[in-house]
Trainee: 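Mind looking over this structure? Questions follow.
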Number of protein chains: 2
Amino acid sequence: MYEKKIPENLDCGISVCMKVMGGKWKAWIIECIHDGIKRPSKIHRQMETEGASLRVITMHLKELEDLGVLYKKIYPGTPLRVEYYLTEVGMSTLPLIKAMSQWGREKRAYLLQGERNAYLATN
Amino acid sequence: MYEKKIPENLDCGISVCMKVMGGKWKAWIIECIHDGIKRPSKIHRQMETEGASLRVITMHLKELEDLGVLYKKIYPGTPLRVEYYLTEVGMSTLPLIKAMSQWGREKRAYLLQGERNAYLATN
DNA sequence: TCGGGCATGGAAAAATTTTTCACTATACAC
DNA sequence: GTGTATAGTGAAAAATTTTTCCATGCCCGA
């Protein structure tokens, strides 16, 4: 387990939000589960074309579960089956994720068009 | 300059959004500038209590300028003065940042309360 | 019995981000 | 002259995240 060396500062709402939705794959995992893809192996199959490793998915699922964003249902027996669901707080991320996603789609072309020049103030 | 080894995938709106607002300090820098703290040295003084280095602020300002989220006004002369402002697209991040910040503040207590237990399905 | 799928975890490597430090250059105040 | 302030860069170190690889344990099908 990796231990932080610089203590996390979660005083600020943005840091808290980023802890849940930041990172390379977390928002996608939340979206997957919302879309009904609730088992780790399925989530992985959904995202491995994009390059997500199963390991990182496992780690994020655990982290999101510990935060109370997801809850986990275990079906005992073999092969062991597990399903993740959004908690109420998990659901409350959806409008935000949708808004971020839409903003990104809307602004992408502009943002990626290249470098800009500075203005020279002449006063 | 650091060169990416895994190509960035910006097909997805969330990745684009995270490119602008993710990272440890970017959202704060945008907020600072919106609050009228527009010069690098001022921004640094504002955030150094939190641990932000001047270097990372400089780098993020440049990145956000290249993306067209900020524009830069240069006042020639010495000491050289520079001011950053939000572009129209920069402004459009504000509702999102506000929403993230508010969400984080609202859910912080819940999210940080500790680990959770899985449900054992009994069917 | 061998190979597959299931969920998960340790450990190390690789990739990326952030920090720290050293440096440029100019002008002003003391 | 020395110290300060301005904005910025390069290089290396440190911190963090993500990937890769390997291992566990169990059952099912060939």
Side-chain angles (χ1 to χ4, degrees), chain A residues 1-9 15 18-29 33 37-45 47-66 70 72-84 118-121, chain B residues 1-9 15 18-29 33 37-45 47-66 70 72-84 118-121:
Chain A
M1 234 340 206
Y2 178 75
E3 299 269 340
K4 285 229 183 331
K5 295 187 186 162
I6 296 178
E8 237 178 336
N9 183 346
S15 324
M18 284 300 168
K19 192 179 175 64
V20 173
M21 306 176 205
K24 200 163 170 182
W25 307 107
K26 281 188 210 161
W28 285 12
I29 289 176
I33 292 173
I37 304 168
K38 13 183 201 257
R39 292 176 42 207
S41 52
K42 301 279 187 192
I43 296 170
H44 181 226
R45 271 199 288 277
M47 313 205 324
E48 66 179 340
T49 44
E50 318 291 338
S53 61
L54 178 55
R55 189 74 178 91
V56 85
I57 291 171
T58 304
M59 288 189 305
H60 284 339
L61 286 172
K62 166 97 175 102
E63 197 186 343
L64 292 171
E65 187 201 352
D66 288 348
L70 303 180
K72 182 180 182 178
K73 223 169 177 175
I74 298 177
Y75 294 86
T78 39
L80 186 60
R81 273 156 185 265
V82 148
E83 286 178 353
Y84 289 90
Y119 292 73
L120 217 50
Chain B
M1 236 336 210
Y2 178 74
E3 299 268 341
K4 285 233 184 326
K5 295 187 185 163
I6 296 176
E8 238 178 334
N9 183 343
S15 324
M18 284 299 167
K19 191 178 176 64
V20 173
M21 307 176 204
K24 201 163 170 184
W25 306 107
K26 279 188 210 160
W28 286 11
I29 290 176
I33 291 172
I37 303 169
K38 15 183 198 257
R39 292 176 41 210
S41 52
K42 302 281 186 192
I43 296 171
H44 180 226
R45 273 199 286 279
M47 313 208 322
E48 65 179 340
T49 46
E50 318 291 338
S53 63
L54 179 55
R55 191 73 177 90
V56 84
I57 291 171
T58 303
M59 288 189 307
H60 283 338
L61 286 171
K62 167 98 175 99
E63 197 185 343
L64 292 171
E65 187 201 352
D66 288 346
L70 303 180
K72 182 182 181 175
K73 223 172 178 174
I74 298 176
Y75 296 86
T78 42
L80 187 59
R81 272 156 186 266
V82 148
E83 287 178 350
Y84 289 91
Y119 292 72
L120 216 51

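Chain letters run A, B, ... following the sequence lines, proteins first and then strands; every chain starts at 1.
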Trainee: Work out which heavy atom in B/Lys26 is nearest to a heavy atom in B/Glu63; give both atom names and the distance.
Mentor: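 For B/Lys26 versus B/Glu63, the nearest heavy atoms are NZ-OE2, 3.3 Å.
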Trainee: Which part of the nucleic acid, if any, lies within contact of B/His60, taking any heavy atom under 4.0 Å across all strands shown: a base, the sugar-phosphate backbone alone, or nothing?
Mentor: sugar-phosphate
Trainee: For the CE atom of A/Met18 and the NZ atom of B/Lys24, what is their distance to the nearest 0.5 Å?
Mentor: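 Going from CE on A/Met18 over to NZ on B/Lys24, the span is 14.0 Å.
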Trainee: What distance separates B/Leu70 CG from B/Lys62 NZ, expressed to the nearest 0.5 Å?
Mentor: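 One gets 12.0 Å once the value is rounded to the nearest 0.5 Å.
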Trainee: What parts of residues 49-58 of chain B reach DNA chain C, counting only heavy atoms under 4.0 Å away?
Mentor: B/Gly51, B/Ser53, B/Arg55, B/Val56
Trainee: For B/Glu83 versus B/Arg39, what's the shortest heavy-atom pair and its separation?
Mentor: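 So the two residues come closest at CG-CG, 3.6 Å.
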Trainee: Quick one: are A/Lys73 and A/Lys38 in side-chain contact, heavy atoms under 4.5 Å?
Mentor: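 Result no, sub-4.5 Å side-chain heavy-atom pair not found.
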Trainee: So what does the secondary structure string of DNA chain C come out as, 5' to 3', with Watson-Crick or wobble pairs under 3.5 angstrom, [ ] for crossing and | for pairs with another strand?
Mentor: ||||||||||||||||||||||||||||||
Trainee: Write down the protein N/O and nucleotide N/O pairs, taken from nucleotides 23-30 of chain C, whose separation is under 3.5 Å; answer none if there are no such pairs.
Mentor:
residue: C/dT26; atom: O3'; partner: B/Thr78; partner atom: OG1; Å: 3.4
residue: C/dA27; atom: O5'; partner: B/Thr78; partner atom: OG1; Å: 3.3
residue: C/dA27; atom: O4'; partner: B/Thr78; partner atom: OG1; Å: 3.4

Trainee: Between side-chain atoms of residues 47-55 of chain A and protein atoms elsewhere (two or more places apart, or another chain), which donor-acceptor pairs fall under 3.5 Å?
Mentor:
residue: A/Glu50; atom: OE1; partner: B/Asn9; partner atom: ND2; Å: 3.4
residue: A/Ser53; atom: OG; partner: A/Val56; partner atom: N; Å: 3.4

Trainee: Hey, could you give me the CZ/CD1 distance between A/Arg45 and A/Ile57, rounded to the nearest 0.5 Å?
Mentor: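 Reported to 0.5 Å precision, the distance equals 11.0 Å.
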Trainee: So which heavy atom on A/Ile43 is nearest to which on A/Leu61, and how close?
Mentor: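 Between these two residues, the closest heavy atoms are CD1-CD2, 4.3 Å.
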Trainee: Using a 4.0 Å heavy-atom cut-off, does B/Lys62 contact any base of the nucleic acid, only the sugar-phosphate backbone, or nothing at all?
Mentor: nothing
Trainee: To the closest 0.5 Å, what do you measure between NZ (B/Lys42) and CD1 (B/Ile33)?
Mentor: 14.5 Å
Trainee: If I take atom CE in residue B/Met59 and atom C1' in nucleotide C/dC21, what distance separates them, rounded to the nearest angstrom?
Mentor: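 After rounding, the reported distance stands at 14 Å.
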Trainee: How many whole angstroms separate atom NZ of A/Lys73 from atom C1' of C/dA7?
Mentor: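 About 18 Å, once rounded to whole Å.
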Trainee: Walk along DNA chain D from 5' to 3' and tell me the first and last nucleotide with an atom closer than 4.0 Å to a non-hydrogen atom of chain B.
Mentor: D/dT6 to D/dA11
Trainee: Rounded to whole angstrom units, what separation is found between the CZ atom of A/Arg81 and the C1' atom of C/dT8?
Mentor: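 One finds 16 Å between C1' of C/dT8 and CZ of A/Arg81, rounded.
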Trainee: Contact class for A/Lys72 vs. all strands (heavy atom < 4.0 Å): base, sugar-phosphate, or nothing?
Mentor: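 Sugar-phosphate, backbone atoms only, no base.
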Trainee: Hey, does A/Pro76 have a side-chain heavy atom less than 4.5 Å from the side chain of B/Leu120?
Mentor: yes
Trainee: Quick one: on DNA chain C, does B/Ile6 or A/Arg45 contact a more 5' nucleotide (nearest heavy atom)?
Mentor: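 With B/Ile6 and A/Arg45 compared, the 5'-side residue is A/Arg45.
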Trainee: Could you list the residues that satisfy side-chain contact (heavy atoms from CB on, under 4.5 Å) with B/Lys72, not counting sequence neighbours?
Mentor: A/Ala118, B/Glu65, B/Ile74, B/Val82, B/Tyr84
